[in-house]
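What follows is a set of notes on a single structure, which appears directly below.
Numbered from 1 within each chain, the chains take letters A, B, ... in sequence-line order.
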There are 2 protein chains.
Amino acid sequence: MATIDKKMKMMTLDQMKDKDIGKVGTPERDKYEFDLRMEVLGDMIKSVRKERNLTQEQLGELIGVQKSQISKLERNTKNVTIETILKVFSALKANVRFSVEMNESEFKVV
Amino acid sequence: MATIDKKMKMMTLDQMKDKDIGKVGTPERDKYEFDLRMEVLGDMIKSVRKERNLTQEQLGELIGVQKSQISKLERNTKNVTIETILKVFSALKANVRFSVEMNESEFKVV
DNA sequence: ATAAATGTTTCCATATAACTCAACTTATTG
DNA sequence: CAATAAGTTGAGTTATATGGAAACATTTAT
């Protein structure tokens with residue numbers, strides 16, 4: 001099992017919100033990663049969309065859906081499927097990563 | 001934006017398969033992370049389940065579904081929802097992480 | 001203050017994910 | 001090699017995610 005080092009820029013949700021609200025002129029955002037909990041998925045979409053300077057309607061056009069659909073996704077009104085997630089972030093030219101971490105100790109068969 | 005260092009043990013899919021097939025006695029597996037592409041989700045479930053020494057039926061019981069359902073999830077027959085992913089890995093006491101990485105340069109509005 | 005743009009909500013249809021049950025196949029093991 | 005256990009498959013049901021249309025609300029200009 002290989003052990004690697006990964007250096008990444010992380011953003012908290014608060015920082016994300018800061019971005020959404022203001023600070024549009026931030027320059028050095030060439031590449032970074034969000035670390036995300038599932039509940040925040042909608043915020044992630046919104047955040048990346050804003051980063052791309054797109055309206056919901058424009059993002060919708062890229063994917064082929066109405067703006068209302070984007071709104072719903074961003075507001076977590078539904079329990080999204082993987083396909084949808086990929087579709088959206090792919091349109092936003094963002095790479096999606098999914099990781100699973102298990103710690104042996106915790107587990108106990110009931 | 002904070003920059004942090006994260007050291008993690010990574011596993012390739014091949015290594016995962018090695019584990020599934022043989023090598024059950026591997027000891028120091030206290031904590032590690034899988035790096036995963038969406039298409040491999042089913043393999044991830046299977047891999048973690050085996051790690052926990054559970055049958056599909058047992059995992060099913062933990063979640064409250066039939067073994068056939070687990071089989072289908074592991075074999076990627078459906079386009080799974082987030083809720084399902086979380087339900088499964090939560091039963092397996094595994095932490096799920098989701099991350100989005102965007103690189104500014106690539107994007108061009110069509 | 002009004003208009004235009006952007007985002008939200010509701011109502012609705014349709015596709016499909018989640019699931020069961022039962023029959024089947026493929027390992028395991030006594 | 002039988003049994004038994006473990007996993008797979010198919011048919012059918014139910015719940016719900018996806019999506020459109022249009023009306024509504026909110027924000028951003030002018």
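Distances shown here put every side-chain N or O of B/Arg75 at or beyond 4.0 Å from the OP1 or OP2 atom of D/dG7. Taking only side-chain nitrogens and oxygens, A/Ser71 comes nearer than 4.0 Å to OP1 or OP2 of C/dT8. Under 4.0 angstrom from either OP1 or OP2 of C/dG7 there lies at least one side-chain N or O belonging to A/Arg49. Residue B/Lys72 places no side-chain N or O under 4.0 Å from the OP1 or OP2 atom of D/dA11.
One atom, CD of A/Glu83, and another, P of D/dT18, lie 9 Å apart when rounded to the nearest Å. Rounded to a whole Å, the CG atom of A/Asn53 is 14 Å from the P atom of D/dT28. Atom NZ in B/Lys67 sits about 13 Å away from atom P in C/dT20, given to the nearest Å. To the nearest angstrom, C1' of D/dG7 lies 9 Å from NZ of B/Lys46. Atom CG of B/Asn76 and atom P of D/dG7 are 16 Å apart (whole Å). Rounded to an integer number of Å, the gap from CD of B/Glu61 to P of D/dA5 is 13 Å. Rounded to whole Å, atom P of C/dA17 lies 12 Å from atom CG of A/Asn79. With rounding to whole Å, A/Leu73 atom CG is found 14 Å from C/dG7 atom P.
Positionally, the nearest nucleotide of DNA chain D for B/Ile70 lies more toward the 5' end than for the other of A/Thr77 and B/Ile70.
Contact annotation: the side chain of B/Lys93 approaches that of B/Arg52 to within less than 4.5 Å [non-hydrogen atoms, C-beta and beyond].
Across all non-hydrogen atoms, the minimal contact from B/Val100 to A/Val48 is CG1-CG2, 4.2 Å.
Nucleic acid contact class of B/Thr55 (heavy atoms, under 4.0 Å, all strands): sugar-phosphate only. Nucleic acid contact class of B/Gly64 (heavy atoms, under 4.0 Å, all strands): sugar-phosphate only. Looking at heavy-atom distances under 4.0 Å, B/Thr81 makes contact with sugar-phosphate atoms alone, never a base.
Counting only heavy atoms from C-beta on, B/Lys78 has its side chain closest to C/dA17 among D/dT9, C/dC19, C/dA17. In the set C/dT8, D/dG19, D/dT8, the nucleotide with an atom closest to the side chain of B/Gln56 is D/dT8. The side chain of B/Gln69 approaches C/dA18 more closely than any other nucleotide in the set C/dA18, C/dT8, D/dT18. Out of C/dA17, C/dG7, D/dG10, the shortest distance to the side chain of B/Ser68 is found at D/dG10.
The pair B/Arg49-B/Glu74 counts as a salt bridge, with a side-chain nitrogen and a carboxylate oxygen less than 4.0 angstrom apart.
Relative ring orientation between A/Phe98 and B/Phe98 is described as perpendicular, the plane-to-plane angle rising above 60° on a 0-90° scale split at 30° and 60°.
Between the side chains of B/Thr84 and B/Thr81, at least one donor-acceptor pair of N or O atoms lies under 3.5 Å.
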